[in-house]
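Computed from a prediction, not measured in an experiment: that's the story for all the values here. In what follows, every heavy atom counts, from backbone to side chain, and hydrogens, waters and symmetry copies are set aside.
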Amino acid sequence: MNDLENPNCCGPSIITSWYDLQKMSPVDPLGILENAILDSTVGQFEFSTTYIEPGTWTPTPLTISNEPLVTALESDNQLKVADANMWMFNHKRWNSSSALAIPLRKILFLRGVHEWRNRLYIDFGGTPITAVQLSLITNAATRGDRQGTTPVISWAGLSLTDEHTIDLVFRTFGQFDIGIWTYDGTNHSIFELKIIVMP
């Protein structure tokens, strides 16, 4: 499934223009994610009033700092552990080459479904980030649901600088444009990732 194929009953089934995008219902990130953990804290599902239009957007301080790590959730199952290692051996998950255009350095190849943990290494920059929300980036282009809110996975009460990890477990395969929304007490921004979830 592509995140521009809206599974909601109230919006268009295929997005063909900005008219469609703006009037579609937000897509629930729980439809693609089984779990999301920032460092050791499990994210909370909520309906956000800030993911869409917080006021003024600023450039994101986030960058990918290392190649994603794929591990078996069954860490006591040596066959699964070996399977994860072999999958990583055969799949380059991220290309950090400075010869690539910057948007191409935001494409990640990860593994689904619920047997595998995908660890992202994200540098949050030097200004403390106090709140993080994760959702499909196209949700920020919508007007939200009936209440004008957007479904997100949320972490609050933070003070993040430098490198941290986000662990994702997917419930499906496909290509998804993910937005990681951040707030530092003053500035709102979204870091976009194109994630291709493979078997």
Evaluation steps, side chain to side chain donor-acceptor pair (under 3.5 Å), between Ser189 and Thr182: CA-CA 5 Å; Ser189 63; Thr182 59; 2.9 Å; yes

Nearest heavy-atom neighbours spanning Tyr51 and Ile137: OH-CA, 3.7 Å

Nearest atoms (heavy-atom pairs only) where Gly43 meets Ile153: CA-CG2, 3.6 Å

Distance, nearest 0.5 Å, that separates CG of Asp177 from CD1 of Ile107: 9.5 Å

Near-ring test His188/Tyr183, centroid separation under 6.0 angstrom: yes

Worked verdict on Leu120 versus Leu110 for side chain to side chain contact (heavy atoms under 4.5 Å, CB included): CA-CA 10 Å; Leu120 312 185; Leu110 303 179; 3.9 Å; yes

same_hphob_cluster(Phe109, Leu104) at 4.5 Å side-chain heavy-atom cutoff: yes

Interatomic spacing from OG1 in Thr71 to CG in Asn85 - rounded to 0.5 Å: 9.0 Å

Rounded distance [0.5 Å steps], CG in Asn118 versus CE in Met198: 12.0 Å

hydrophobic_cluster_shared for Phe191 and Ile37, side chain cutoff 4.5 Å: no

Spacing of His114 atom NE2 and Thr172 atom OG1 [to the nearest 0.5 Å]: 12.0 Å

Least distance between heavy atoms, Glu74 atom then Val81 atom: O-CG2, 4.1 Å

From CA spacing to verdict: side chain to side chain contact (heavy atoms under 4.5 Å, CB included), Ile180, Val132: CA-CA 7 Å; Ile180 302 175; Val132 174; 3.8 Å; yes

CE-OG1 distance between Met24 and Thr142, expressed to the nearest 0.5 angstrom: 6.5 Å

Intermediate values then yes/no, side chain to side chain contact (heavy atoms under 4.5 Å, CB included), Thr150 and Phe47: CA-CA 5 Å; Thr150 306; Phe47 291 97; over 6 Å; no

Parallel, tilted or perpendicular: ring planes of His91 versus Trp87, cut at 30 and 60 degrees: parallel

Connected via hydrophobic side-chain network under 4.5 Å: Val42 and Ile122: no

Rounded distance [0.5 Å steps], CD in Glu192 versus CG in Leu136: 13.5 Å

Under 3.5 Å donor-acceptor, Asn139 side chain and Ser135 backbone: no

Polar side chain donor-acceptor pair, Gln133 to Ser154, under 3.5 angstrom: no

Joint hydrophobic cluster, Phe170 plus Trp94, side-chain heavy atoms closer than 4.5 Å: yes

Val169 reachable from Leu134 in the ILVMFWY side-chain graph, under 4.5 Å edges: no

Expected output: side-chain Thr60 to main-chain Leu62 donor-acceptor under 3.5 Å: yes

Asp83/Arg111 salt bridge by N-O under 4.0 Å criterion: yes

Side chain Trp155, main chain Ala131, donor-acceptor under 3.5 Å: no

Expected output: side-chain Ser25 to main-chain Asp145 donor-acceptor under 3.5 Å: no

Any donor-acceptor pair under 3.5 Å from Thr149 side chain to Thr49 backbone: no

Nearest atoms (heavy-atom pairs only) where Leu73 meets Arg117: CD2-NH2, 3.5 Å

For Leu108, the option from Ile178, Ile64, Leu168, Ile196 that meets side chain to side chain contact (heavy atoms under 4.5 Å, CB included): Ile64

Minimal non-hydrogen separation, Gly179 against Ile190, with atom names: CA-CG2, 3.8 Å

Beyond-backbone contact of Pro128 with Thr161, side-chain heavy atoms, under 4.5 angstrom: yes

Exam field: side chain Asp39 to backbone Thr165, donor-acceptor pair closer than 3.5 Å: yes

Worked check of side chain to side chain contact (heavy atoms under 4.5 Å, CB included) between Leu69 and Met88: CA-CA 8 Å; Leu69 176 69; Met88 285 198 304; 3.6 Å; yes

Non-hydrogen atoms of Leu100 and Asn95 that approach each other most closely: CD1-CG, 3.3 Å

Parallel, tilted or perpendicular, as decided by the 30° and 60° cut-offs, for the rings of His164 and Phe124: perpendicular

Min side-chain heavy-atom separation Ile32-Val27 under 4.5 Å: no

